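Structure first, then comments.
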Amino acid sequence: MTSQLSSLDEDEYEFSRMVHCWWRSASKFDECVKLKLDIPNVSSLTSRLKVLRELERLALVAPEGLNELRHKLLMYRSGDFWVPIGGISKEAMDIPPTITILLVGFTGSGKSSLVNLMYSVLGRSGLIPFAQTSLGSSSDCTTMLMEEHNVLRSMQSGFCVYDSRGFGYNQMGENLEELSSWMTDGIHHNQPCLRSGDDALTKDDIENLTLNSSSKFVKRRVNCAMVVVNIAEIYKASKAGDFKPLEAIRELFCCPVLRKSNENPFLILTHGDMLSTEERIEGRLKLCEWLGVSETTGVYDIVCLTEYGYLAEESDPVTAYALSEAVYRSLLISDRGHFPKKNLWDWAALILSCLMCFFAVLFSFLANICSKLGQRDKHKLKL
């Protein structure tokens, strides 16, 4: 009886492993297995084999590395990954008390579901949802406010994650303008994300959103960004000949304000479980080629929801580790992007440049007025 139970447990384990290691049913996976026996020349590998090797790396490291990575994130404090460069001490650097990671993407891409998965994996919250997810295109179920999340659920957490309102494919000009303001001016909890297309909102709705936004919330500087993409939606649209979503994603991903420390933002691919294995890999390769980025570095395929609508449980170590590694690498890049604190001379130079700009505008305005008055007097003399 005991042997029967153990055999059943082994069968369940193997089945679970096959579900989580979905790429092992892909074509040319046998070639990837053969590469384990020898150290290959990476430059000679095809893009498909590089992706398969990267997924195998995650599967190999995940069982033992997940708890270690969780511990590092739990013990992390802002500036822990800063490395001395340029002969400047850490005390002279402008390091914020909390590192801010911003999730951006289009409506329905899975940003809020990704936040809930972070709570589940990093904060050990189980299946309790903390962020409201969007259902369809209804604005009632869309994130209308900036939401700050302490995904570790720790009073001493060194970082936070911001869930933003999803963009629309048809308003790229407005999208990039709003994104630029977030990256330049900073963001705070419950910051309204109102747009010109919100005609359906009543005055009461707008007043409620404005009341929820308090100036007492700390404004944070964005240190790193993650672009969340619904790979299933993009793949199906491109197959149907609609390349508008793909072009919009490229415009968003390549936006200069998202680049930190000369690095591209992280690319998080969601809803890949809605595609077949071959479609999932092909979609990743096509998207990375379209964006002009590596198909392995800084790209993570993360399943936020299971086929039953629940968060991916911790029994899926590959997804859990991929998510933890993405957050960990975001903190590494964030701590590399700090600048020295401004001293008295820097502030003096800034004030002086502002004054010069002010006087330049003032004199230009006065010159314009004098020119118009002179033309008017000349016209009177002719008469």
Side-chain angles (χ1 to χ4, degrees), residues 14 17-63 65 105 109-110 226-243 245-254 259 262-304 316-326 328-330 332-333:
E14 285 299 324
R17 207 167 138 197
M18 284 302 296
V19 171
H20 301 144
C21 301
W22 52 269
W23 61 89
R24 291 181 178 171
S25 62
S27 62
K28 296 189 177 181
F29 179 72
D30 293 339
E31 295 183 28
C32 182
V33 174
K34 293 177 182 177
L35 293 175
K36 293 181 180 180
L37 304 176
D38 191 15
I39 300 177
N41 182 6
V42 179
S43 61
S44 64
L45 297 178
T46 63
S47 298
R48 175 180 285 268
L49 284 177
K50 288 179 182 178
V51 170
L52 293 175
R53 286 184 77 242
E54 172 64 12
L55 295 171
E56 278 295 296
R57 179 190 70 83
L58 293 174
L60 179 65
V61 179
S109 60
M226 292 184 178
V227 178
V228 186
V229 177
N230 184 339
I231 189 63
E233 179 185 23
I234 299 303
Y235 179 83
K236 291 174 182 178
S238 60
K239 279 295 182 181
D242 182 12
F243 295 98
L246 199 57
E247 292 172 354
I249 287 173
R250 181 169 64 176
E251 199 170 349
L252 173 64
F253 185 85
C254 298
R259 294 177 65 87
N262 201 30
E263 297 275 357
N264 289 319
F266 285 91
L267 185 64
I268 309 297
L269 308 179
T270 62
H271 299 84
D273 52 319
M274 299 175 65
L275 300 172
S276 67
T277 299
E278 295 301 323
E279 290 173 341
R280 194 168 177 175
I281 295 176
E282 182 185 354
R284 174 172 177 164
L285 294 176
K286 292 291 184 183
L287 179 60
C288 292
E289 181 183 1
W290 186 263
L291 297 177
V293 297
S294 168
E295 58 277 342
T296 55
T297 306
V299 182
Y300 293 92
D301 188 317
I302 296 176
V303 180
C304 299
D316 180 1
V318 179
T319 292
Y321 184 83
L323 178 69
S324 303
E325 185 179 281
Y328 183 80
R329 292 188 60 196
S330 297
L332 283 173
I333 289 179

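Just so it is clear, the model here is predicted, and its values are computed rather than measured. We number each residue from 1, following the sequence as shown. Basis for what follows: all heavy atoms, side chains included, without hydrogens, waters or symmetry-related copies.
Summarising the geometry of G283 relative to Y235, their closest heavy-atom pair is CA-CD1, 3.7 Å, with the distance given to 0.1 Å. Shortest non-hydrogen contact noted between A322 and L58 is CB-CD1, 4.2 Å. For the pair G272 and R280, the tightest heavy-atom approach, listed with the atom from each and the gap, is O-CD, 3.3 Å. Nearest approach of T296 to R284, heavy atoms of both residues: CA-NH2, 4.0 Å. Across all non-hydrogen atoms, the minimal contact from A59 to V318 is CA-CG2, 3.9 Å.
Here the CD1 atom belonging to I281 is positioned 7.0 Å from the OG atom belonging to S27, to the nearest 0.5 angstrom. For the atom pair E233 CD and I249 CD1, the distance stands at 7.5 Å (nearest 0.5 Å). Atoms CG and OG, on L287 and S238 in that order, are 9.0 Å from each other to the nearest 0.5 Å. One finds the CG atom of L332 at 10.0 Å from the CD atom of E325 (value rounded to the nearest 0.5 Å). Considering OG1 of T297 and CG of L267, their distance stands at 12.0 Å, rounded to 0.5 Å. Separating the OH atom in Y321 from the OH atom in Y300 is a distance of 8.0 Å, to the nearest 0.5 Å.
Ion pairing between a basic and an acidic side chain is recognised when a charged N comes within 4.0 Å of a carboxylate O; R48 and E278 show such pairing. Between E282 and K239 there is a salt bridge, since a side-chain N of the basic residue sits under 4.0 Å from a carboxylate O of the acidic one.
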Check your understanding: Run the salt bridge (charged side-chain N to carboxylate O under 4.0 Å, His left out) check on E247 and R250 step by step: do they pass?
Key -> CA-CA 5 Å; E247 292 172 354; R250 181 169 64 176; 5.6 Å; no
Check your understanding: Checking side-chain contact (heavy atoms from CB on, under 4.5 Å) for the pair L323/Y328: CA distance, chi angles, key distance, verdict?
Key -> CA-CA 9 Å; L323 178 69; Y328 183 80; over 6 Å; no
Practice item. Please step through side-chain contact (heavy atoms from CB on, under 4.5 Å) for the pair T270 and I268, ending with a clear verdict. Key: CA-CA 6 Å; T270 62; I268 309 297; 4.3 Å; yes
Review point. Do V299 and C288 pass the side-chain contact (heavy atoms from CB on, under 4.5 Å) test, and can you show the C-alpha distance, the side-chain angles, and the key distance before you say yes or no?
Key: CA-CA 9 Å; V299 182; C288 292; 4.0 Å; yes
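Checking W23 against E56 by side-chain atom types alone, a donor-acceptor pair falls below 3.5 Å.
Residues L55 and W22 have side chains in contact (heavy-atom distance under 4.5 Å, counting atoms from C-beta outward). Using a 4.5 Å heavy-atom cutoff, the side chains of S109 and V229 are not in contact.
Remark: A232 engages N230, H271, M274, L275 in a side-chain contact (heavy atoms from CB on, under 4.5 Å) (not counting sequence neighbours).
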